[in-house]
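First up is the structure itself, then whatever we jot down about it.
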Amino acid sequence: EAQVTQNPRYLITVTGKKLTVTCSQNMNHEYMSWYRQDPGLGLRQIYYSMNVEVTDKGDVPEGYKVSRKEKRNFPLILESPSPNQTSLYFCASSFDKRQGRGPLHFGNGTRLTVT
Amino acid sequence: GENVEQHPSTLSVQEGDSAVIKCTYSDSASNYFPWYKQELGKGPQLIIDIRSNVGEKKDQRIAVTLNKTAKHFSLHITETQPEDSAVYFCAASKGDYKLSFGAGTTVTVRA
């Protein structure tokens, strides 16, 4: 089954404790992206990757890191989480970086709480 | 950058009635307008999209209209059913790597 898999689904952590949220897709997609969803703000892009070893900042990259060492994986790293990073996070992928050439496929989300 | 505004933020409709969600965009170069539906506990899923060379598109009970002059587009759901209850997001893109989303509309269909 074609899918984007995120882990974990739920994560509670404390300020400053480094964490990684994993994302993997099995559709051989070139483009991958991370979003955060907050009430009243919709989906905001954190980072995106157009291919292996190619990553770039989205609209809200502060406090986050990503890497794209393999085509299928795109982990999101919070080196020193803070409470304002409490949010619902989504990983997404599409076969072409140009929007409109195929849908974005989203994972089921990671609910992160930073205390 | 592109700014997408979406209204209303919440919408409650009686089963069988119609629901309309409206979005406006700021960048006249935007040419691709998808709509995503997010069910509880899941990620958003594309339900319909429209390109700037088309004024209207239908798919069974859902339709999207686009007014390029006014820079707004709308989602219409007819004969609403309980399974239409979800959060709906509009988005806009210039056909490049960037997709800008609206804030979302929570639709509740009352039985």
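Hydrogens, waters and symmetry mates are skipped; everything else that's a heavy atom, side chains included, is used. Chain identifiers are assigned alphabetically (A, B, ...) following the order of the sequence lines, protein sequences preceding nucleic acid strands; residue numbering begins at 1 within each chain. Everything numeric here is computed off the predicted structure, so don't read it as measured data.
The distance from the CZ atom of B:Phe101 to the CD atom of A:Gln37 is 10.0 Å, given to the nearest 0.5 Å. To the nearest 0.5 Å, atom CG of residue B:Leu99 and atom NZ of residue A:Lys97 are 15.5 Å apart. Between the CZ atom of A:Phe106 and the NZ atom of B:Lys42 there is a distance of 15.0 Å, given to the nearest 0.5 Å. Here the CD atom belonging to A:Gln99 is positioned 9.5 Å from the OG atom belonging to B:Ser100, to the nearest 0.5 angstrom.
Heavy atoms closer than 4.5 Å to chain A are found nowhere in B:Ser9, neither backbone nor side chain. Heavy-atom distances place the side chain of A:Leu88, and not its backbone, under 4.5 Å from chain B. Residue B:Phe33: no heavy atom, backbone or side chain, is found under 4.5 Å from chain A. For chain B, the nearby part of A:Leu41 is the backbone; its heavy atoms alone come within less than 4.5 Å. Contact annotation for A:Arg9: only side-chain heavy atoms (C-beta onward) come within less than 4.5 Å of a heavy atom of chain B.
Between B:Gly43 and A:Asn108 the shortest heavy-atom distance is N-OD1, 3.5 Å. Residues B:Ala103 and A:Gly40 come closest through the heavy atom pair CB-O, 3.5 Å.
The closest donor-acceptor contact from the side chain of B:Tyr97 to the backbone of A:Tyr31 lies at 3.5 Å or more, if one exists at all.
For the options B:Gly102, B:Pro44, B:Gly104, B:Pro34, heavy-atom pairs under 4.5 Å to chain A are most numerous at B:Pro44. Considering only heavy-atom pairs separated by less than 4.5 Å from chain A, the leading option among B:Leu46, B:Asp96, B:Asn31 is B:Asp96. With chain A as partner, the option from B:Gln38, B:Gln6, B:Lys94 having the largest number of non-hydrogen pairs under 4.5 angstrom is B:Gln38.
The local environment of NZ in A:Lys71 is crowded, with over 12 non-hydrogen atoms from other residues, nucleotides or ligands closer than 6.0 Å. Within a 6.0 Å radius of CD in B:Gln60, no more than 12 heavy atoms belonging to other residues, nucleotides or ligands are found. Other residues, nucleotides and ligands contribute more than 12 heavy atoms inside 6.0 Å of the CZ atom of A:Arg44. Taking a 6.0 Å sphere around CD of B:Glu56, one finds it holds more than 12 heavy atoms contributed by other residues, nucleotides or ligands. Other residues, nucleotides and ligands place no more than 12 heavy atoms under 6.0 Å from the CD1 atom of A:Ile12. The number of heavy atoms from other shown groups lying within 6.0 Å of CD (B:Gln45) does not exceed 12.
There is no path of hydrophobic side-chain contacts, each under 4.5 Å, that joins A:Met50 to A:Phe95. In the hydrophobic clustering of this structure, B:Val107 does not group with B:Val20; members are Ile, Leu, Val, Met, Phe, Trp, Tyr whose side-chain heavy atoms approach within less than 4.5 Å, directly or through other members. Both B:Phe73 and B:Leu75 belong to a single network of hydrophobic side chains, linked directly or stepwise wherever heavy atoms of I, L, V, M, F, W or Y lie under 4.5 Å apart. Placement of B:Val64 and B:Tyr32 in two distinct hydrophobic clusters is found when ILVMFWY residues are connected by side-chain heavy-atom separations under 4.5 Å, directly or transitively.
A:Asp59 has a carboxylate O that lies under 4.0 Å from a charged side-chain N of B:Lys98, or vice versa, which qualifies the two as a salt bridge.
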